[in-house]
Amino acid sequence: MDEYLKDIQDIKSLMENQTRFLSLSGLSGIMAGLYALTGAYVAYNMAITAPSTAYIDLQQGLLSPIVIKLLVVAAILLVLSIVTAYILMSKKAKRSEQSLWNKASVNAMKAFLVPLVTGGLFGMMLLFKGYLMLIGPTTLIFYGLALYSASRYTYRDVATLGLIEVGLGLAAMFYPGLGIYFWALGFGALHIFYGTIMHFKYDKAAPTIIQTDNIIL
């Protein structure tokens, strides 16, 4: 009787997992964190050695060399993170014999992109209005909201990470001059920390196969 109850519980768990995106890779989080820390270091050194100040240049409506370089660094980080995440998630989906693109992944993507794109557009407005010091806190807040929104369709640990990111963004609002340090902590250190947890908690877990008399799940 206990074996049948366990099978029913396992089947129920698998049915619930069909509505969640489980190909999210912890390694992609670790790599994104490493990219962010590297980018923050490069941006900081570029800013302190530049002949002009990006903040003042933006206030005056100037796309000076330092501003352009910072935008290029940000774009490179974004592309690297997206490509790395796609490759690692594809490999994880293949190992689990699952499709990377399914209803759960599409729902997670929609829930993630709405707050993220909104935050990105808002950040660009702040950039071109010269409010450079608010970009770090703003990106952390909207990114955290995006994670929390997407967590409904993937691992619940993502919701916790999202709330911490929002908290960091709000805290960074009180220390605008330290935005790059909060940014490095949120996008760098936290990604590495949570990515490591998720890697050992989920990435190494073998897919569960339950066999009944006529059904294999």
Side-chain angles (χ1 to χ4, degrees), residues 21 23-50 54 65-93 100 105 108-109 112-113 115-124 126-127 132-151 154-155 157-158 160-169 171-172 178-204:
F21 176 55
S23 295
L24 194 63
S25 171
L27 285 177
S28 66
I30 295 173
M31 294 304 298
L34 292 174
Y35 295 151
L37 289 178
T38 303
Y41 176 78
V42 171
Y44 177 78
N45 282 280
M46 288 170 54
I48 63 175
T49 58
I66 179 59
V67 174
I68 295 174
K69 288 178 181 178
L70 290 174
L71 290 175
V72 170
V73 170
I76 291 173
L77 290 176
L78 179 62
V79 171
L80 280 175
S81 297
I82 292 174
V83 172
T84 302
Y86 180 79
I87 292 173
L88 292 176
M89 287 190 297
S90 296
K91 289 183 177 180
K92 184 177 178 180
L100 180 62
S105 63
M109 185 70 69
F112 180 74
L113 286 179
L116 188 71
V117 172
T118 302
L121 293 174
F122 186 63
M124 291 298 293
L126 292 175
L127 176 68
L132 193 63
M133 291 185 178
L134 296 179
I135 293 177
T138 297
T139 53
L140 283 169
I141 292 171
F142 278 96
Y143 178 64
L145 292 174
L147 290 175
Y148 187 81
S149 177
S151 67
T154 185
Y155 299 115
D157 306 68
V158 175
T160 304
L161 176 59
L163 291 176
I164 295 175
E165 297 281 4
V166 171
L168 276 176
L178 302 178
I180 191 170
Y181 298 104
F182 281 96
W183 196 90
L185 176 61
F187 288 104
L190 271 178
H191 266 167
I192 294 173
F193 178 72
Y194 262 84
T196 302
I197 291 176
M198 293 185 68
H199 173 66
F200 288 103
K201 187 175 181 180
Y202 300 114
D203 292 2
K204 289 183 173 297

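Heavy-atom basis, side chains included; hydrogens, waters and symmetry copies ignored.
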Please answer whether the main-chain N or O of Gly136 pairs with a side-chain N or O of Thr139 as donor and acceptor at a distance below 3.5 Å. yes
How long is the straight-line distance from CD1 of Ile164 back to CG of Leu147, given to the nearest 0.5 Å? 10.5 Å
Give me the atom names and distance for the closest heavy-atom approach of Pro115 to Ser149. CG-CB, 4.3 Å
With side chain to side chain contact (heavy atoms under 4.5 Å, CB included) as the criterion, how do Leu145 and Thr118 come out once you've worked through the C-alpha distance, each side chain's angles and the decisive distance to 0.1 Å? CA-CA 11 Å; Leu145 292 174; Thr118 302; over 6 Å; no
Just how far is it from atom CE of Met198 to atom OG1 of Thr154, taken to the nearest 0.5 Å? 6.0 Å
Option passing side-chain contact (heavy atoms from CB on, under 4.5 Å) with Phe122 (candidates Leu134, Thr138, Val117): Thr138
Nearest 0.5 angstrom please: Leu37 CG to Trp183 CH2, how far? 8.5 Å
Would you name the heavy atoms of Ser28 and Ser25 that are closest together and state the gap between them? OG-O, 2.6 Å
Please report the shortest heavy-atom distance between Ala36 and Leu77, naming the atom on each side. N-CD2, 4.4 Å
Which pair of heavy atoms, one from His191 and one from Ala32, lies closest together, and at what distance? ND1-CB, 3.9 Å
Side chain to side chain contact (heavy atoms under 4.5 Å, CB included) between Phe112 and Tyr143: does it pass, once the steps are laid out? CA-CA 9 Å; Phe112 180 74; Tyr143 178 64; 3.9 Å; yes
For Ile141 and Val166 the tightest heavy-atom approach is O-CG2, 3.6 Å
Nearest 0.5 angstrom please: Tyr148 OH to Leu161 CG, how far? 13.0 Å
CG/Leu116 to CG/Leu121 distance, rounded to the nearest 0.5 angstrom? 9.5 Å
Value for CD1 (Ile197) from CD1 (Ile192), rounded to nearest 0.5 Å, stands at 12.5 Å
Do you know which two heavy atoms are closest between Tyr194 and Asp157, and how far apart they sit? CE2-O, 3.8 Å
Thr84 meets the side-chain hydrogen bond (donor to acceptor under 3.5 Å, both in side chains) criterion, sequence neighbours left out, with Tyr35
